[in-house]
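I have placed the structure first, in the form of structure tokens, so that the comments after it can refer back to it.
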Amino acid sequence: MKHPDDEAGAVTAEAAVVLPVLVLVAIALCWLVSLGVAEVRAVDAARETARALAREDDAGSAVALGRRVAPEGAEIQVHEDGSTLRVTVRAPVRGPGGLFDFPVFEASATAIAVRETAP
């Protein structure tokens, strides 16, 4: 015997409403993780480049080392002030897979090193 106020299909309707929201939350979390990964890679690239320059490696090979570690599309700038070196890495971070029109953020990092002198 069925009641007129039967809730058959309510779970399906609720799932149809909630599922797209869960997918969007998952995509947003993936994007936040990619932001964090890009920031860590920028920090590593700045540090590796500064370390190589402090060891008196030539600038081209030091920047090439940083580019291997840096996120795609990163810009590496080297500033020398006497014996102090400052390396700045900036990289754009776009949305996951380019599927959505997420805003473009910039991952950036700066590393400072002092040139090593031979004993």
Side-chain angles (χ1 to χ4, degrees):
M1 176 176 238
K2 286 193 167 192
H3 299 313
D5 59 347
D6 192 12
E7 294 185 17
V11 172
T12 304
E14 290 170 1
V17 170
V18 171
L19 196 57
V21 172
L22 291 176
V23 169
L24 288 176
V25 167
I27 290 171
L29 287 175
C30 289
W31 184 61
L32 287 174
V33 168
S34 71
L35 276 173
V37 168
E39 188 71 29
V40 168
R41 289 180 65 190
V43 168
D44 288 346
R47 184 179 60 225
E48 289 298 322
T49 304
R51 185 180 299 147
L53 289 170
R55 286 189 312 249
E56 307 258 343
D57 291 358
D58 77 276
S61 65
V63 170
L65 178 64
R67 288 203 190 286
R68 287 193 316 194
V69 180
E72 188 176 329
E75 175 186 318
I76 300 175
Q77 296 176 342
V78 177
H79 302 281
E80 297 183 39
D81 184 20
S83 64
T84 304
L85 303 160
R86 186 178 75 221
V87 178
T88 304
V89 177
R90 289 188 175 89
V93 181
R94 291 175 177 74
L99 298 174
F100 301 101
D101 192 22
F102 279 96
V104 177
F105 285 92
E106 182 179 82
S108 64
T110 301
I112 298 174
V114 177
R115 285 193 192 275
E116 297 177 3
T117 56

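This one's a predicted model, so the numbers in the text were calculated from it and none came from an experiment.
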Any heavy-atom pair between the side chains of R115 and E56 that's under 4.5 Å? yes
Rounded to the nearest 0.5 Å, what's the gap from CD on E75 to CZ on R67? Could you check? 8.5 Å
Least distance between heavy atoms, L85 atom then A50 atom: CD1-O, 4.3 Å
V87 pairs by side-chain contact (heavy atoms from CB on, under 4.5 Å) with which of T110, V63, I112, L53? L53
Do you reckon V69 sits in the same ILVMFWY cluster as I76, going by side-chain contacts under 4.5 Å, direct or chained? no
Nearest heavy-atom neighbours spanning G66 and T49: CA-OG1, 3.2 Å
Do you know which two heavy atoms are closest between L65 and A52, and how far apart they sit? CD2-CB, 4.1 Å
Between CG of L19 and CG of L24, what distance do you get to the nearest 0.5 Å? 10.0 Å
Linking I/L/V/M/F/W/Y whenever their side-chain heavy atoms sit closer than 4.5 Å, directly or via other members, would V37 and W31 fall into one cluster? no
Identify the two heavy atoms, one from A38 and one from V93, that lie closest to each other, and give their separation to 0.1 Å. CB-CG2, 3.5 Å
What residues form a side chain to side chain donor-acceptor pair (under 3.5 Å) with R41, not counting sequence neighbours? none
Heavy atoms only: give me the nearest S108-E39 pair and the separation to one decimal. O-OE2, 2.6 Å
Looking at T84, is its backbone amide N or carbonyl O close enough to the side chain of D81 to form a donor-acceptor pair, meaning the two atoms are under 3.5 Å apart? no
